[in-house]
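Written out below as structure tokens is the structure these notes cover.
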2 protein chains.
Amino acid sequence: MKYKLDQAQELSAQIAQAIRDGIMEGSLIVDQRLPSESDLCEQFQVSRPTVREALKRLAAQNLIRTQRGASGGAFVNRLSFEDAYGQQITTSTLLLSMNAVSFETACEARFALERACVALAAQRRTPDQLAAMRAEIHRQSQPGLSDESFCASDVAFHRALVDAAGNPVMSYQLAGAVEAIEPLMNMITFTARKREKIVELHTLIADALEAQDAETTEAVLAQLAAHTLELAREVARMRSKSG
Amino acid sequence: MKYKLDQAQELSAQIAQAIRDGIMEGSLIVDQRLPSESDLCEQFQVSRPTVREALKRLAAQNLIRTQRGASGGAFVNRLSFEDAYGQQITTSTLLLSMNAVSFETACEARFALERACVALAAQRRTPDQLAAMRAEIHRQSQPGLSDESFCASDVAFHRALVDAAGNPVMSYQLAGAVEAIEPLMNMITFTARKREKIVELHTLIADALEAQDAETTEAVLAQLAAHTLELAREVARMRSKSG
DNA sequence: GGAAAACCAATTGTCTGACAATTAGATTTT
DNA sequence: AAAATCTAATTGTCAGACAATTGGTTTTCC
């Protein structure tokens, strides 16, 4: 690990970057203990609060964990898929909500990426995953469901579809695309008729996956994409009339 | 914003979470100024170093930026696509390197997701993007290129392919999948013969995209995926023999 | 001898108070 | 009116202290 620090940036940012580089380049390996805070103070020639700010930056990215007590300290953390999911979703959600991304754009991305899962999902889907999808379909057909709950169930259904591809890297990559769209979807009011249509398409998807029929699944997914976009356009039309 | 704090966690983590919730839920909006550090001390009833550790956590996620001086302070940051790209790549790279993800899994994810871009890319690719792809192809055919440079150029080519879909959300989502595989690819030694094959396939992809022929592009991409996997398998065989 | 209790040392978590650096705005000077 | 200066607010950094936690060591007691 090198200890070169420029001016210009904050010290804590530079120290965090130096340690981060060490982790990414492999000179600091998983579960290895970092020097104690006082040692880091000496090595970087800064005060303890500054070192601590640097460590907190790394902790915020799940790159390290800390433990108190004798033989405590800061340890390089194994970034778990779960942690990565969470970061992915947080970042994606904020990115979409802060940058005026249109529903069309987000929706197009989501369905295009989901389509990439279908071929694999048709081969590999497990009974559990099919059951999860059917369970969400059942939830979606309950009459008294709020729009929010309907959307949440929709997201859960699509999560199951993505997971059915049996590739954890894809599940992770798509977590953001699938989950971050929920706040946008929540702006849509789903009438009983529209829900019916969505549930019908979901059912066809589950059926096609069960039959391991990738082509049909892709076709139905395309219909679902078109239908979802149409709903969004209706909402946009209503808005522009009343506004 | 609420100021309820449990015990159990560190104070700085709780404060960071409280502010993060405010941002995600929308009660703190972009460019809004947070209270000064001293104000936050009073509101949360903690000392300034603790508040600062919390703010550094948020800064590490690009959720806030800080400015010194009169009328300075911490401001809610608009998460830019560029920032999100960076976080995405960092997280993906670490996730892959720390979790013994096989080359097959990562490669499958990358090509499956890229395939999702092709249909859109064939419609929308701009002359600039085609030129970028051709430039990388040219770079890849230079004889003296190191394996690392060849891989870097390969990544750049695929980045251009993804960007050609003209959907920033997809570009962001796939940044991780495309870039994080580079360290894994770097373990492969590319002989002249193998490079020739890859360059040939890249050229076919660029040609097909220029002709706006999505089907051919998908087919060639599938060949490239198969070829890449074959290379990885050869390396694995060599390893197991010599090891 | 063995088990429980007390103690010790290392380490992180938090606090207090201070000073330096930066910057926008107000004030004064030319 | 323009330029220079001052002022106040705010973050960045430092120094030193104490509290809390935790693993290991020592002592005590049966």
Side-chain angles (χ1 to χ4, degrees), chain A residues 1 3-20 22-23 28 30-77, chain B residues 1 3-20 22-23 28 30-77:
Chain A
M1 191 165 22
Y3 300 129
K4 267 189 304 187
L5 303 183
D6 290 338
Q7 217 86 37
Q9 281 183 83
E10 294 170 26
L11 289 173
S12 64
Q14 296 174 50
I15 294 167
Q17 189 58 52
I19 298 175
R20 183 160 33 235
I23 295 175
L28 291 170
V30 166
D31 290 335
Q32 185 175 337
R33 185 181 178 281
L34 298 185
S36 74
E37 294 179 355
S38 356
D39 289 348
L40 290 173
C41 293
E42 283 192 10
Q43 291 178 19
F44 289 104
Q45 285 293 304
V46 297
S47 69
R48 206 171 144 228
T50 302
V51 162
R52 284 183 60 79
E53 286 181 8
L55 293 178
K56 293 315 158 200
R57 293 179 116 107
L58 299 174
Q61 298 178 298
N62 288 309
L63 295 186
I64 62 170
R65 61 179 186 279
T66 55
Q67 207 176 359
R68 282 218 272 212
S71 76
F75 298 83
V76 179
N77 204 23
Chain B
M1 193 166 22
Y3 301 128
K4 266 190 306 185
L5 304 182
D6 289 338
Q7 218 87 38
Q9 282 183 79
E10 294 169 28
L11 288 173
S12 64
Q14 296 174 49
I15 293 168
Q17 189 58 52
I19 298 175
R20 183 158 36 234
I23 294 174
L28 292 170
V30 166
D31 291 335
Q32 184 175 337
R33 184 180 179 280
L34 298 184
S36 74
E37 294 180 354
S38 356
D39 288 348
L40 290 173
C41 293
E42 283 191 12
Q43 290 178 18
F44 288 104
Q45 285 293 303
V46 297
S47 68
R48 208 175 139 222
T50 302
V51 162
R52 283 183 60 80
E53 286 181 9
L55 293 179
K56 293 314 159 202
R57 294 178 114 107
L58 299 174
Q61 298 177 299
N62 288 310
L63 294 187
I64 62 170
R65 60 179 186 279
T66 55
Q67 207 177 359
R68 284 219 271 212
S71 74
F75 299 83
V76 178
N77 204 21

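Note on naming: letters A, B, ... go to the chains in the order of the sequence lines (proteins, then strands), and numbering restarts at 1 for each one.
- With rounding to the nearest 0.5 Å, the separation of CD in A:Glu37 from CZ in A:Arg48 is 4.5 Å.
- When distances are taken from the side chain of A:Ser47 to each of C:dT14, D:dA15, D:dA8, the shortest belongs to D:dA15.
- Counting heavy atoms from C-beta outward, B:Arg52 and A:Pro49 have side chains that stay 4.5 Å or more apart.
- Remark: P of D:dT13 and CD of A:Gln14 are 8 Å apart, rounded to the nearest angstrom.
- The side chain of B:Leu11 has C:dC15 as its nearest neighbour among C:dC15, D:dA8, C:dT12.
- If you measure from atom CG of A:Leu40 to atom C1' of C:dG13, you get 16 Å, rounded to the nearest angstrom.
- When the side-chain nitrogen and oxygen atoms of B:Thr66 are compared with OP1 and OP2 of D:dG12, one or more of them lie within a distance under 4.0 Å.
- Comparing D:dA15, C:dA10, D:dA8 against the side chain of B:Ala70 picks out D:dA8 as the nearest.
- Separation of atoms CZ (B:Arg33) and CD (B:Gln67) is listed at 10.0 Å; rounding is to 0.5 Å.
- Of the candidate nucleotides C:dT14, C:dT12, D:dG12, C:dT14 has the atom lying nearest to any side-chain atom of B:Thr50.
- Applying the 4.0 Å criterion to OP1 and OP2 of C:dA24, one finds that B:Ser71 has every side-chain N and O outside that range.
- Atom NZ in A:Lys56 sits 4.5 Å away from atom OG1 in A:Thr66 (nearest 0.5 Å).
- The CD-P distance, from A:Gln67 to D:dG24, rounds to 11 Å in whole Å.
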Using the side-chain contact (heavy atoms from CB on, under 4.5 Å) rule, take A:Arg20 and A:Ile23 through it: C-alpha gap first, then chi angles, then the decisive distance, then the call.
-> CA-CA 5 Å; A:Arg20 183 160 33 235; A:Ile23 295 175; 5.7 Å; no

I'd like a list of close polar pairs between nucleotides 18-21 of chain C and the protein, N/O only, cut-off under 3.5 Å.
from, atom 1, to, atom 2, distance (Å)
C:dA18, N6, B:Arg48, NH1, 3.4
C:dA21, O3', B:Arg68, NH2, 3.4

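- If you take CZ of A:Phe44 and P of D:dT13, they are 14 Å apart, rounded to a whole angstrom.
- Nearest to the side chain of A:Arg33, among C:dT11, D:dC14, C:dT14, sits C:dT11.
- One finds a side-chain N or O of B:Arg52 lying less than 4.0 angstrom from the OP1 or OP2 phosphate oxygen of D:dG12.
- Protein atom CG of A:Leu34 is 13 Å distant from nucleotide atom P of C:dT11, rounded to whole Å.
- Of all heavy-atom pairs spanning A:Arg57 and A:Ser12, the tightest one is NH1-OG, 2.8 Å.
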Where do B:Leu55 and B:Leu40 land on the side-chain contact (heavy atoms from CB on, under 4.5 Å) test, with the steps shown first?
-> CA-CA 10 Å; B:Leu55 293 179; B:Leu40 290 173; 4.3 Å; yes

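- For the pair B:Glu53 CD and D:dT11 P, the computed distance is 16 Å after rounding to whole Å.
- When rounded to the nearest whole Å, the span between CG of A:Leu55 and P of C:dT11 equals 14 Å.
- Going from atom CD of A:Glu37 over to atom P of D:dC18 covers 18 Å, rounded to whole Å.
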